[in-house]
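Below you'll find the structure, written out as structure tokens, and then a few comments.
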Amino acid sequence: MTRAASLYRTMRLVRRFEERAIDLVTAGEIVGGIHPYIGQEAVAAGVCAALRRTDVITSTHRGHGHVLAKGADPGRMMAELAGRTTGLNRGRGGSMHAADLSLGILGANGIVGAGGAIAVGAAWAARRSGSDRVAVSFFGDGALNQGVLLEAFNLARLWSLPVVFVCENNGYATTLPVDASTAGAVLGRAAGFALPAVRVDGMDAEAVLDAAADAVRRARSGGGPAFLECVTYRFRGHHTNEAGKAATYRTEEEIAGWRARDPLLVQGARLPADVRAGLDAEVEEAVAAAVAYALAGPVPLAADALDHLYADGLVPRGKVVA
Amino acid sequence: MTRAASLYRTMRLVRRFEERAIDLVTAGEIVGGIHPYIGQEAVAAGVCAALRRTDVITSTHRGHGHVLAKGADPGRMMAELAGRTTGLNRGRGGSMHAADLSLGILGANGIVGAGGAIAVGAAWAARRSGSDRVAVSFFGDGALNQGVLLEAFNLARLWSLPVVFVCENNGYATTLPVDASTAGAVLGRAAGFALPAVRVDGMDAEAVLDAAADAVRRARSGGGPAFLECVTYRFRGHHTNEAGKAATYRTEEEIAGWRARDPLLVQGARLPADVRAGLDAEVEEAVAAAVAYALAGPVPLAADALDHLYADGLVPRGKVVA
Amino acid sequence: MAGVALSYLRALNRALGDEMDRDPAVCLFGEDVGLGVSGLTGGLQRRFGADRVVDMPLSEQAFTSMATGAALCGQRPVVEFQIPSLLFLTLEQIANQAHKFSLMTGGQCSVPVTYVVPGSGSRAGWAGQHSDHPYGMFAHLGIKTVVPSSAVDAYGLLVSAIRDPDPVVVFAPAGVMATRDVQTAPLRPVPLGVGRVRREGTDVTVVAIGHLVPAALEVAGRLAAEASIEVFDPRTLHPFDWAGLRASLERTGRLVVVDDSNRSCGIGAEVLATVAEEMTLRAPPKRVTRPDGAVLPYAAVLDRAVQPDADDLEAAVRAVLK
Amino acid sequence: MAGVALSYLRALNRALGDEMDRDPAVCLFGEDVGLGVSGLTGGLQRRFGADRVVDMPLSEQAFTSMATGAALCGQRPVVEFQIPSLLFLTLEQIANQAHKFSLMTGGQCSVPVTYVVPGSGSRAGWAGQHSDHPYGMFAHLGIKTVVPSSAVDAYGLLVSAIRDPDPVVVFAPAGVMATRDVQTAPLRPVPLGVGRVRREGTDVTVVAIGHLVPAALEVAGRLAAEASIEVFDPRTLHPFDWAGLRASLERTGRLVVVDDSNRSCGIGAEVLATVAEEMTLRAPPKRVTRPDGAVLPYAAVLDRAVQPDADDLEAAVRAVLK
Ligand SMILES: Cc1ncc(C[n+]2csc(CCOP(=O)(O)OP(=O)(O)O)c2C)c(N)n1
Ligand SMILES: Cc1ncc(C[n+]2csc(CCOP(=O)(O)OP(=O)(O)O)c2C)c(N)n1
Ligand SMILES: [Mg+2]
Ligand SMILES: [Mg+2]
């Protein structure tokens, strides 16, 4: 597959996966809802296309795109969202904690800004063990105000670790516009930690991939960390539970303006129509299979609720001690 | 008193206060030791000379200089270090928590970087209540890597609050040189949060006062926060308990080089010899009186150990419930 | 007064509004509080202005200490946390700063800040990092801790928390947020530290916390033919109403605690321990809790399996009665 | 083997060195670890290099999660915290991240990190923010928690903590750091979760934690003519050696717990609660603890007054024997 086609396919997969996941939220098959990534697909697709299987990522509450783009199996991912034992995490993690360690996916994370320092640790471990693995940490604009992430910027730069910090600036942290949360410019913040930083059109997967490839190449060859600001937008509410509420923090015009730059349109336009149609069909099938796989998976047994609480098999005292 | 004389007097007071405090540590009258400020006096003296009584400060583990320069009574301060009921905090706080709320001294603090956000809150409260009070937060170079302080930088700038952040860069966080802790330049870090920042010779009280006066004036008149990097040096160990240990992280030459620029020499040289001698004598007397006052104060009663634990007088259950 | 249905969430919202009306020092900090995403703060920014109901960047540590600083300067902030685990993130700021100011300054000041978590404990499908119930941790650390179980109490306890001169943490369990009370009298403050017998009985006292009070009432109803169950709602976990509990146990002589937090060192442990030391029972007591060190798994069946419920309680009551 | 004097601090240092020798994945993070300011890490950087014994900037949150990331990628970090309250600062990273990875990923990974606090509890004169003893909090949250009371145990338990696949917190109480053991056998790992009867007796079991084990032995000696006191040192607070305690209580039928942490919801509460539920006593048990919500005041007499000591324990033992 060409690079252009491959990027499109990844984005299409993420998009359709999420659309179906939202259906399953509505249907009550996914409990608790999800944070839809729709609109931001170019970031995950572009960045992960620059990575190797052995590279690691840390993701966010809005993590489906990253996890899928890094190669997670859509069926096992959907099964995870549906809380089945066939899920990536055997149904123990759900949307906000989906992980596949075998693919270097150290997990989505429910706490904003938490992944950065974990990625720094992974990069440090890579260096220590003589591997040329690179660590990528995804986070939103809101995370730029979280202390632990800022601390992580410093550590990465201090020791020139192979980490790429990817800020998905979608303009809002829940309802708060980035201008109302972040003094100074996003790139300026990175510069404050002496991180080489670039801003890239986060609706254009090719642009993202180019920038990410640069950063990853430098990191892999010992050139130290980098910071990418990907300017993007989420088309949906912050979380599926926003759907019902009057979301007064964004105008219809603003949303429409960004939708006109849908990353799938941008990338799709770069492909011959038949190639695109072929990929669409293929993805449709893959996602349908993923949903079927997910719903066919067994629900866990209540008796197993504390499996894996401790890695040494320690069984803690239960709810009621008889 | 001239401005020059007044700065000298403050520094001399801090210096002699601490030298006597170290004697009392050796004598066992001050338990737990102190973090000596000796060498850094120009920073506290210069900054606090730019403040009004109603302005507030937050200080650090190395806080004696700030607290005295902001106007705390040396006798009650020494009594606090000696753990007497006549101390600023009735002997409940000690060196790392000395406070005098009536003078806007919100306290020394045992946790590095903790004061910044407290100062932001004070500044926010000042603005809300229509006061033109300014808040100053002192901290060391090491604190620049503490998340909560970085978060505080952002909040102050975001809302243009009247806060002046004073970084006392004495080159080390305990044993760690600033170059080994902080990626990029100190001023660059401030710039990352769009804070107007200047670097000033922290061994020269007049230079510090000039820079602080500018920053405070701007903050007071609604011009928002500022960041001052005061380049300074501590002449002693990190803590009095370092004295006995081989302090291999600094060379004798380095220490001697900085001692040649002792802020008391720098400022003393600006005064006629008789003025200086007069101030020295006056301070000597004041510090002697402070020590006498301190040692004459009563030791608290064990039965009162939990006084003030709760402001509403709630008396918690004690050690053993009979 | 005719009975009016009052929802728990609306009661909290009214308490905030009434206190802001009454006392101009009361202000509100939190994420997305302007739009009132959690429902807690709906309408308040419109009513009181954006500089009193302040939308915060994702800087929980800084804004928690900002509240401390503002409180030291005359304000009376209420801080909303969207997730219970944000209390872990800000524990330094609450337990090591805010809580300690009063004693450490020798009573010079107090820190009247209220921290509210609307939706503590498990919200189905939010998984491991969003589902903790660490109220016992705050009781251990000595921070005043409140867990209202009904709308009327939620109003009255939040009002008292806001008026209290010390830091207070208010947990509003997700399991009870949607409930309604029939309000038959004007809403009034409920003093901290005073429990409430929610149902009288003579055979066994069930101490129930938060959303488990309704569960306890249900079990009391279920078992009414077999046993007379008294349901004691302590309402405040620190300070705890030991006198109220003693009076109840003098009537019943048997004890079960049902508590939706981890077993070891939880509030259930404290109740059993104090009773063992100071009171007399006719039969060994029981706790119904989450297991030791529980992490809530995502899948709904597992999430439920880890939380204590009415059936678990029923079994424990039966065992104690045997 | 002839008896050799081994200090507690030296035992910890040897455990670190031995484990680093044995397992190349073991590495060490902390502030001033290179020079070994606390004594814990002395000589290790010289022996193992600065990229394995890493001097950290003042970024506890980031380096704690960095340890998590490194652990997920094959390393086995030991993190030193200079002050017990740094555990508050990093609670999010320990309790909400490291602790939860194993369960939330469905057992895909574990996080073998050891956190060590050399000098927990009160160090005379360090006052409120440096004197906490929050081990019960970690038992509540389910993190494996170890409090060695002697040099030989300190060695053996730290070794086991490092080899354990889960996060483990090791408290080394200031009150016991300077003690020495006479070492009569080769040092060996001590399994987590197994207590030790330090003195046999038949009238009352004293469960003592950390530095209070020597105090309990002292009291047992003092009262030897009047009563036969068994001293049980659980060594690990989570998991707790319930079987060992049960066996002891079957011998004695009476219980006192002496625990240098806050009373409410502390480990003392857990012991009394579990005993009340599952075991049988001849007399009501007692706890000797810090008061509820204690903040340690600075003055030496107050600091001591708040901590449980041998005299308090003696009184409690007498009361239980009455
Ligand atoms: C530390 C923390 N604070 C608050 C929350 C609740 N929360 C979840 S997502 C979110 C907004 C995050 O904004 P951003 O980082 O820009 O990511 P986006 O949602 O836009 O992808 C908030 C406040 C959280 N999960 N973690
Ligand atoms: C958050 C935190 N981490 C660690 C410590 C232990 N500690 C006390 S002072 C200090 C070094 C502080 O360095 P810096 O900020 O440069 O101030 P300086 O001591 O040089 O005045 C450390 C590590 C602490 N008190 N708080
Ligand atoms: Mg965003
Ligand atoms: Mg310094």
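Order of the sequence lines fixes the chain letters, A, B, ..., with proteins taken first and strands second; residue numbering starts at 1 for each chain. Scope of the values below: all heavy atoms of this structure, side chains included, with no hydrogens, waters or symmetry mates.
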Minimal non-hydrogen separation, [X] against [Y], with atom names:
X	Y	result
A/W124	D/D51	CZ2-O, 3.3 Å
D/D55	A/W159	O-CZ2, 3.9 Å
D/E60	A/E151	N-OE1, 4.1 Å
A/A152	D/A62	N-CB, 3.9 Å
A/R128	D/A25	NH1-O, 3.7 Å

Counting heavy-atom pairs under 4.5 Å to chain D, which of [options] comes out on top?
options	result
A/G147, A/A311, A/A98	A/A311
A/A122, A/A135, A/G107	A/A122
A/L88, A/L309, A/L306	A/L309
A/A125, A/S131, A/S129, A/A123	A/A125

Inset, instruction - With a 4.5 angstrom heavy-atom cut-off, could you sort out which part of D/F240 is near chain A: side chain, backbone, both or neither? - result: neither

Chain D contact via [X] - side chain, backbone, both or neither, heavy atoms under 4.5 Å:
X	value
A/N109	side chain
A/A108	neither
A/L150	neither
A/A119	neither
A/R133	side chain
A/D312	both

To the nearest 0.5 Å, what is the distance between [atom1] ([X]) and [atom2] ([Y])?
X	Y	atom1	atom2	result
A/L161	D/M66	CG	CE	6.5 Å
A/R317	D/T274	CZ	OG1	4.0 Å
A/L314	D/D166	CG	CG	8.0 Å

Legend entry - Contact leader toward chain A among D/C27, D/C73, D/S59, where contacts are heavy-atom pairs under 4.5 Å: D/S59

Inset, instruction - Under 4.5 Å, counting heavy-atom pairs only, tell me which of D/A67, D/P24, D/P167 racks up the most with chain A. - result: D/P24

Legend entry - Per-residue contacts, residues 99-113 of chain D versus chain A, heavy atoms under 4.5 Å: D/H99, D/F101, D/S102, D/L103, D/M104, D/T105, D/G106, D/G107, D/Q108, D/C109, D/S110

Inset, instruction - Determine whether more than 12 heavy atoms belonging to other residues, nucleotides or ligands lie under 6.0 Å from atom CZ of D/R46. - result: no

Inset, instruction - State, yes or no, whether a side-chain contact exists between D/Q97 and A/V148 at a heavy-atom distance under 4.5 Å. - result: no

Legend entry - Passing candidate, side-chain contact (heavy atoms from CB on, under 4.5 Å) with D/L72, options A/L106, A/T58, A/V56: A/L106

Legend entry - A/Y310 and D/H238 aromatic ring geometry - parallel, tilted or perpendicular at 30°/60° bounds: tilted

